[in-house]
Every structure is written in C-alpha cells, then in structure tokens.
2 protein chains.
Amino acid sequence: MTGIDGVARALGVSTATVSRALRGLPGVSAATRERVRAAAEELGYVPSSSAAHLASGRTMALGVLLPRIDEWYFAAALEGVDRALRAAGYDLVVFSLGGSGRNRERVFHRSMLRKRIDALLLMCLELTPQELAALQQLDYPNLTVGGYVEGLRNVGIDDDAAASEAVEHLVGLGHRKIAYLAGGDGHGVHFSVPSRREAAFRRTMRRHRLPVRPEWMIFGDFRFGAAKEAAARLLEAPGDRPTAVFASSDEMAFGVLAAAQEHGVPVPQELSVIGIDDHDFAAPLGLTTIRQDPREQGSFAAELLLAELQGAPPQPDPPWRPHELVIRRSTAPPQEKF
Amino acid sequence: MTGIDGVARALGVSTATVSRALRGLPGVSAATRERVRAAAEELGYVPSSSAAHLASGRTMALGVLLPRIDEWYFAAALEGVDRALRAAGYDLVVFSLGGSGRNRERVFHRSMLRKRIDALLLMCLELTPQELAALQQLDYPNLTVGGYVEGLRNVGIDDDAAASEAVEHLVGLGHRKIAYLAGGDGHGVHFSVPSRREAAFRRTMRRHRLPVRPEWMIFGDFRFGAAKEAAARLLEAPGDRPTAVFASSDEMAFGVLAAAQEHGVPVPQELSVIGIDDHDFAAPLGLTTIRQDPREQGSFAAELLLAELQGAPPQPDPPWRPHELVIRRSTAPPQEKF
DNA sequence: CTGTTAGCGCGTTCAC
DNA sequence: GTGAACGCGCTAACAG
C-alpha cells in the first residue's frame, strides 16, 4: 500500500524519477531504473489507476456494453476483447444490460459517464436516438461489434453474405422447400442482426424464384428450447414439409436437430439443417454451418480501439470479419418422395 | 464534461454543497438540493470515479477474477454478479485468465493491484501459496464463488452432496454398473470442483458396496466434444457396458447423449445419463440433472461483499447455495439383459 | 539525467 | 444550512 513517494524516499530520489523509471520513459539511467524497479518490487508498490488517471487523463481501461453476458456470442467476444486488452495492459469494465431494457437509462446516464474508461465497445445493440446522442456527447472512441448502429463503425461478419451463402448451399444441393428459423431481439434488447439475416434469406430465395412460405418462417428467439418447439410444430404440421431448415444461429439449429430426432425425421435424409456460428457443439454434432469467430472479432475490435487511443488515425470503415461455410453431415440433397 | 465546480458556479453555491446535494447527504435544504439536481442534469454533470476514489477511498467497483469468460458457469455467474452490482450502483471489472495460466503473474501483480476495485471475487480458481499471500496482502474483502480455496470463504453448492445425490438417484433406480465422466482443470487453470465431485462419486459407490471400475472412469474435460469422444470409446469397448453414466457437468452429459444416439444405444432403456448444472439445454433434451443456479450464486456472492463494504460484519461462513435433483427422461431403471 | 512544482476533480474536514 | 481550504497519489511541464 506504499505510494510513489514511499519508493522515492526509500531511494532518495524524486517521485518523478520513480514514475519515469517504472513506466519505461527515457531520461533515466539504467542503473537508477534498476534500483527503482527493485525497490518498487520490494515494497509492493503499484501505482493507483485513479491517481494516474487524474494526472494523465488516461484510465487504461476499456468499457464493453452488451445485452447480457451469458450467451455464446457475447461471452466469446468478451473473451476476445479481454485477451487483446491484457496484452496492452488495459483493464476491462463490463456493463451488461442483463437481458432487459430496464436499466439502459441508468447505464447510459450514470455508469458509463463516470469517466472510468478510455473507449467503449458496443456489442450487438441498437440504440435509441437519445442514447446515440448521449454516446456521441461522451466522445469516447467507440465501435460496434456484432451489430449495426447507424453512424457508428461496426466490426463483424457480413451478415447479408453469410445468410445468403447458407441459402445458396441448400439451393445448390437441390432444395426448393426451405424454412427459415429466425432469431429474436436479444431478450428485450433490440438489435439488427436478425433482420439482416432474414432479409438476406428472402432476397436469396427470390433470386432463385423460390417461394417464401409464411408458415415456414418460424421463430426461435436465438435459443435452443424455443427453436426446438418451433421446429416441432413445423414438423407436426399437416401437409407439405420443408426439405431444409436454415436456422439463423447454431444454437437454434441444435433445437431443430433435437426436434427432428424426436419426431423420427432423419437428418439429412429427410431434412437438411444449416446454422450460423460454428458453436463448440457444431462439429461434434455434425452440423453444417457458416462459421464466424466471435473471439477474433472481439480482439480485432479492441485492438482497433487501442490503436486509436495510442494516436493512430481512426480507421473509417473496418473490414468485414471472415465467415466460411463448413459442410458437415447435416446437409445433403433432398430425397425425392413420390 | 463539466466538473463539480461548473455546477457550483452555475448556481452560485460551493462545490461542497453540490457534492452533498447529489449524494443525498444531510445538511442541504430541500430547495437547494433540487436546484443542484436540476443543474447537474442540465449540464450533464457526472462525477469522475477516479477523483471520487482519490478523495473518498472508494472506487465503487468490484473485480472478478476467473479462468475464462466463455464457459456456461462463468458467464452465468458473471451475469449474476453484474445484476447485483448494478442494483447497488457499482461497476464490474473483469480479469480473465483467458484459459491459460500464462498471465496469472501479470494479473496478480499488476492489474489487480492497481487499486481499481473495492473488493474481489475469485471464480473457480485454485491459488498458489504465493498468489494467496499476494491476495491477502491486498486486503480487499474477497470471496470465492464456485470453487474452494483454503483460507478463503466460498459461495457455491455443496459439491459433495450434489454428486452424492446423483449417484444415489442412479443406485435407487437399481443401477450397479455406473460410469463416471470427470471434468478437467479449466484449461490449465486448476480448480478443485472436479476432484470433489469425483471423490463423492467414489465414496457413494463404496458406501453401496459397488465397484468403481477404472475403465469406467473417463475424462471429458467439462466439454461437449471431449465428453462425446470419451463416451463413444466407452460404448465401443468390448465386454461389459455400464448401465448408467454420471457426467459431472451437463455439457458433458450432452456429449454422452450424442454418443449414445450415434451408437444406437437407447436412452434411458439401455443407458441412463445424469448430469450436474441444469444447463439451458437440459430441459429440452430431457436430461436428468442436479440443478444449480450460477446466476444466483454470483448475485449472492456480490451482495455479501457489498454488504461488507457498507460496514456489515463479515459473515464467516456463507451457507451452501441450493442444488436440487431434477428428474427427466434420461434416467430409468436398468433393463436387465439375460 | 534528475528534482521541483503545479494541478487533475473530487470528498472531507473545519469554520462560519 | 453553507462555504473555504486541504489533500487523495500521481503525471507533466519546466528547471537545473
């Protein structure tokens, strides 16, 4: 709990010298620097981030605002962010909306504004105009990851292309009767990814002159349980059945697989299933999917922000992060039934 | 970006009055208080947490140190912590070891020590004696959640009892040939939960005079893929086959279900499966399990720490958090084969 | 290469 | 009920 002057006094040098030595700034002889390091180590001295912030204007911390932590994409992206920050000596401050829109106001008008962070990452959120204004007023360097906000730069995959490639894969296999399993709005926290993917689905279907049947547009809220139930209803419905389902997330695709299994519908013989994500379970379950890498996206976004904090010119338009079709056992040509 | 004196000047009062009014301290007339509030709102004033920290000694932030963010238990517990903190106006600083032991040293000797937090939560970690000493020296109020560290208080379920009840359930159904699927050490970050559960398994088996067969003690590293492969090897092995598997986490139990399905082993007729967690997928998949609630555990732990920060006497020994057997479709009496 | 000094923006005594 | 002044622990600008 020693302060900087404790170290300084112990060595008979000034606090400025200690500060410079410890931060690797020039203007300190190698000998002094070593003595300072040793003394700091000895005394267990670590600078106070608050005092350093006050004096320097930098908090050495980055904030992440997200809808909730306990969801595959968010947790993985957060891990990626943290990895990048660690490498740069930054700390991570997390603001979760906790799955409800309730405390948005509080977050935007209290926590975030307490000058605890140097930059802000928004994860998969849509903002109201007021919130956007509040954000711009703070003028932290900021970035969106995995979502689109008008007027903010975004890091993530090209959801249009990704969804479109999924459909192309199915169509290429010969499918014409394709159902779409839509994701939700993040438990009360609207975001724009689901609508992009759905729009891409519709567009691609239209391009191939394939019908988009309303009863085959089902909703799974990005969750296993809900997706399984929706898929079960789809499979139980009388009349025509789709030969393929495009689930707009892997977790929902798993729900489709579970429903198909319970209904005795063999995959891929009678039903092809494709997802988006390449969730950890996808490979062992043999799910064909469009892979994305949230950890990489988080790291990439954090590094972009860190570079700007270190004076790099803001990159106006970050490149799409890669996605890739991974073909496994859950998709195959449709089996004609006469 | 106005400071406290901006507000003070705008009203012709002193900064002390502004500070008192905004924090709800006594000694301010209702009228002045309201004028201050209005002006602060108007000017968009929010106190700097760093300055407040320096002046008051409190950061109004809590730190969480965990092995990695992107795992079911950790992410959910973190969400619970965040919920409790939000309610109390605290911020959350996350230190992830990122799945490797590499940066432990850095975390313990730099980040954590930068006086950014008022208290620290350790999630599922084991500490070296040196680390424990470093921690005690910091003398933050601290707590372990979901893991056991000698000398620190722990919040979590009674893993002994939980694992034991799982075995009792199987034994009660008539199973005598029970395999155990062990979890790993958190990707290089040792922790003590796996060994507790395994010990409880062995003890309970012994109590019932049931054999613990080495070839039925398999390892799944707490992950779906690894668990599925281990279970597949178990099912393929020549000779006797267990009638039940106790997986020490739900995610691993899912791996067993997947392997059983691929090998045409019907669950629960020829194989009963039980897990621990009550993961989101457990109900839709019909998995019998021992439920725990990591969100609640996180909230509970955070509230304990917050109470102590507000002067409550430290609770020496937090009560076990509840767990509960949830019986679903994956367990049944063994089917005798003659 | 090193030391001195002046704040950073607040909370907190004391006075009044 | 209110204000003036001090200091939290550090960095940055300037002197030497």
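In what follows, every heavy atom counts, from backbone to side chain, and hydrogens, waters and symmetry copies are set aside. Sequence lines set the chain letters: A, B, ... in the order given, protein chains first and strands last, and positions in each chain run from 1.
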Inset, instruction - Respond yes when some side-chain nitrogen or oxygen of B:Thr17 is under 4.0 Å from OP1 or OP2 of D:dG3, and no when none is. - result: yes

Inset, instruction - May I ask you to say what B:Gly3 touches in the nucleic acid, namely base, sugar-phosphate or nothing, with a heavy-atom cut-off under 4.0 Å? - result: sugar-phosphate

Legend entry - CG on A:Leu143 to CZ on A:Arg153, rounded to 0.5 Å: 5.0 Å

Inset, instruction - Would you indicate what B:Arg114 reaches in the nucleic acid, counting non-hydrogen atoms under 4.0 angstrom: base, sugar-phosphate, or nothing? - result: nothing

Inset, instruction - Tell me which nucleotide among D:dT11, C:dC10, C:dG3 gets nearest to the side chain of A:Ala16. - result: C:dG3

Inset, instruction - Would you mind telling me which residue lines up with the more 5' stretch of DNA chain D, B:Pro26 or A:Ser56, judged by nearest nucleotide? - result: B:Pro26

Inset, instruction - Using only heavy-atom distances, determine whether the side chains of B:Tyr73 and B:Gln297 contain a donor-acceptor pair under 3.5 Å. - result: yes

Legend entry - Distance test, side-chain N/O of B:Ser48 to OP1/OP2 of C:dG9, below 4.0 Å: no

Legend entry - Selected nucleotide, minimal atom distance to B:Arg23 side chain, candidates D:dG3, C:dT12, D:dC10: C:dT12

Inset, instruction - For D:dC8, take OP1 and OP2 only and decide whether either is under 4.0 Å from a side-chain N or O of B:Arg58. - result: no

Inset, instruction - Determine whether any donor atom in the side chain of B:Arg20 lies under 3.5 Å from an acceptor atom in the base of D:dG3, or the reverse, and answer yes or no. - result: yes

Legend entry - Integer-rounded Å distance: C:dT4 C1' and A:Ile4 CD1: 14 Å

Legend entry - Trace of the side-chain contact (heavy atoms from CB on, under 4.5 Å) decision for B:Arg114 with A:Met60: CA-CA 10 Å; B:Arg114 291 168 82 194; A:Met60 296 298 281; 3.4 Å; yes

Legend entry - Between A:Thr59 and A:Asp118: side-chain donor-acceptor atoms closer than 3.5 Å: yes

Inset, instruction - Just compare C:dT2, C:dC10, D:dT11 and give me whichever is closest to any side-chain atom of A:Thr32. - result: C:dT2

Inset, instruction - Would you indicate what A:Ser50 reaches in the nucleic acid, counting non-hydrogen atoms under 4.0 angstrom: base, sugar-phosphate, or nothing? - result: nothing

Inset, instruction - Mind checking B:Arg33 for me? I need base, sugar-phosphate or nothing, with any heavy atom below 4.0 Å counting as a touch. - result: nothing

Inset, instruction - Give a yes/no on whether any side-chain N or O of A:Thr15 is located under 4.0 angstrom from OP1 or OP2 of D:dT11. - result: no

Legend entry - Nearest to side-chain heavy atoms of B:Ala55, which nucleotide of D:dA12, C:dG9, C:dT4: C:dG9

Inset, instruction - Pick base, sugar-phosphate or nothing for A:Gly6, based on heavy-atom distances below 4.0 Å to the nucleic acid. - result: nothing

Legend entry - Whichever of B:Ser29 and A:Leu54 has its nearest DNA chain D nucleotide further upstream toward 5': B:Ser29

Legend entry - Any side-chain heavy-atom pair of B:Val149 and B:Leu135 under 4.5 Å: no

Inset, instruction - Using only side-chain N and O atoms of A:Ser19, determine if any of them is under 4.0 Å from OP1 or OP2 of D:dT11. - result: yes

